[in-house]
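Beneath this line is the structure, given in structure tokens, with notes to follow.
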Amino acid sequence: MATPRIDVKKVGDVTIVLCRDVKLNDDLVIQEWGEQLMELLDKNEKKLVINFERILFMSSSTLRVLITLNKKAKELDVVLLLCGIDDNLMEAFRITRLDTVFQIKKNEEEAIRFLTMQTK
Amino acid sequence: MTVAHALIQTVLEKLREENWPPHDLFSVEMSLEESLANAVHHGNGDDKTKQVTFACSLTKKTLKVQVGDEGLGFDLENLRDPRMPENVNRVTGRGVLLIHHFMTRVHYNDRGNCVFMEKDRGTSHP
């Protein structure tokens, strides 16, 4: 049975995902994490925020999962935001230009505010 | 923890003992993670009978690391640039870019199956 890699909560109609692991660099951990995120899309969640505030390190394999997730979110008309990415990891996003692919907010509050304003 | 991750942690622990700055530690961890993953997955094709070689040395100012595999090598010049608009949504291809960004100097052997990386202490700019 897979180890839970995420904690999920709802704030209004926004689904917030908090990643449990401090590092995402193990292939099995990343696979489980990715599968659990994909399951949220399958559950028809339309506004999804992935909060990385606990994560200190992630390998490029994690970026691969995020890109796949982002593509599926677009197909399903799901708004996907990332938030809480620390400065070191943001550097990796910037270098790879993935900061132009994903919508990234500073923190959970900013992400929720953005999604709430979208509804109005 | 995999053997590769244990190796990375051993290197990082040594850098911590020598009081290397936090961003240098992150830079080294990222580069070692990507180079070892590339050697295992792309170089050796996930063939567990093939070996990855690893060597490193540390002075007061510079960490030098060498990672090799048994693959046919790759041509850096022909590698897709993952930053290009047509590639930015591709799922793979970022490891080499990250290594070149986070390490001070990077070069390869002629065959392309061994990478030599150097990190000068205190040269990371977060």
Side-chain angles (χ1 to χ4, degrees), chain A residues 3 5 21-35 37-38 41 52-76 78 80 82 84-104 106, chain B residues 1-9 11-12 15-16 20-42 44 46 48 79-103 106 119 123-126:
Chain A
T3 303
R5 297 292 173 198
D21 294 277
V22 174
K23 287 194 175 187
L24 289 175
N25 60 351
D26 178 272
D27 286 345
L28 179 60
V29 169
I30 294 170
Q31 182 186 335
E32 289 178 339
W33 177 75
E35 287 170 355
L37 288 173
M38 285 291 184
L41 292 182
F52 288 84
E53 66 181 34
R54 286 188 190 141
I55 297 182
L56 298 177
F57 184 86
M58 64 172 94
S59 68
S60 62
S61 298
T62 315
L63 300 177
R64 193 185 308 160
V65 168
L66 286 174
I67 291 167
T68 304
L69 188 76
N70 198 40
K71 285 181 184 175
K72 186 170 179 183
K74 282 187 162 60
E75 289 169 14
L76 297 174
V78 171
L80 174 65
L82 313 183
I85 300 175
D86 93 340
D87 291 343
N88 285 330
L89 292 173
M90 257 326 282
E91 188 178 345
F93 273 81
R94 272 195 294 273
I95 291 307
T96 55
R97 302 260 172 94
L98 287 177
D99 58 335
T100 65
V101 171
F102 296 99
Q103 293 191 77
I104 300 174
K106 188 175 175 184
Chain B
M1 185 185 288
T2 64
V3 170
H5 290 136
L7 197 56
I8 293 171
Q9 288 310 309
V11 173
L12 294 178
L15 296 181
R16 283 190 198 99
W20 278 50
H23 193 262
D24 283 355
L25 296 178
F26 176 85
S27 300
V28 168
E29 184 170 11
M30 180 65 81
S31 302
L32 295 187
E33 179 73 45
E34 296 303 323
S35 58
L36 286 166
N38 281 348
V40 169
H41 299 310
H42 300 298
N44 287 349
D46 292 310
K48 292 181 181 176
L79 214 56
R80 284 192 186 100
D81 186 338
R83 299 165 296 184
M84 299 301 288
E86 64 269 24
N87 297 327
V88 78
N89 272 295
R90 295 180 69 90
V91 292
T92 59
R94 292 172 181 82
V96 171
L97 176 65
L98 290 167
I99 291 166
H100 281 258
H101 172 75
F102 283 110
M103 295 302 262
V106 181
K119 182 69 179 175
T123 54
S124 293
H125 302 287

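Note that the structure is a prediction, hence the values are computed from the model and not measured. Hydrogens, waters and symmetry mates are skipped; everything else that's a heavy atom, side chains included, is used. First the proteins, then the strands, lettered A, B, ... as listed; each starts at 1.
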#### Entry: Neighbour count >12 (heavy atoms, 6.0 Å) for atom NZ, K71(A)
yes
### Query
Between F52(A) and L66(A), is any pair of side-chain heavy atoms under 4.5 Å apart?
yes
### Query
Do you know which of V29(A), D27(A), L98(A), T68(A) has the most heavy-atom pairs with chain B at a distance under 4.5 angstrom?
L98(A)
### Task
Tell me, for M58(A) versus chain B, whether the close heavy atoms (under 4.5 Å) come from the side chain, the backbone, both or neither.
backbone
### Task
With a 4.5 angstrom heavy-atom cut-off, could you sort out which part of L89(A) is near chain B: side chain, backbone, both or neither?
both
### Message
Once you measure the plane-to-plane angle for F102(B) and H23(B), does it fall in the parallel (<30°), tilted (30-60°) or perpendicular (>60°) bin?
### Response
tilted
### Message
Please classify the contact of L63(A) with chain B as side chain, backbone, both or neither, using a heavy-atom distance under 4.5 Å.
### Response
side chain
### Task
For R80(B), look at atom CZ and say whether over 12 heavy atoms of other residues, nucleotides or ligands are found less than 6.0 Å away.
no
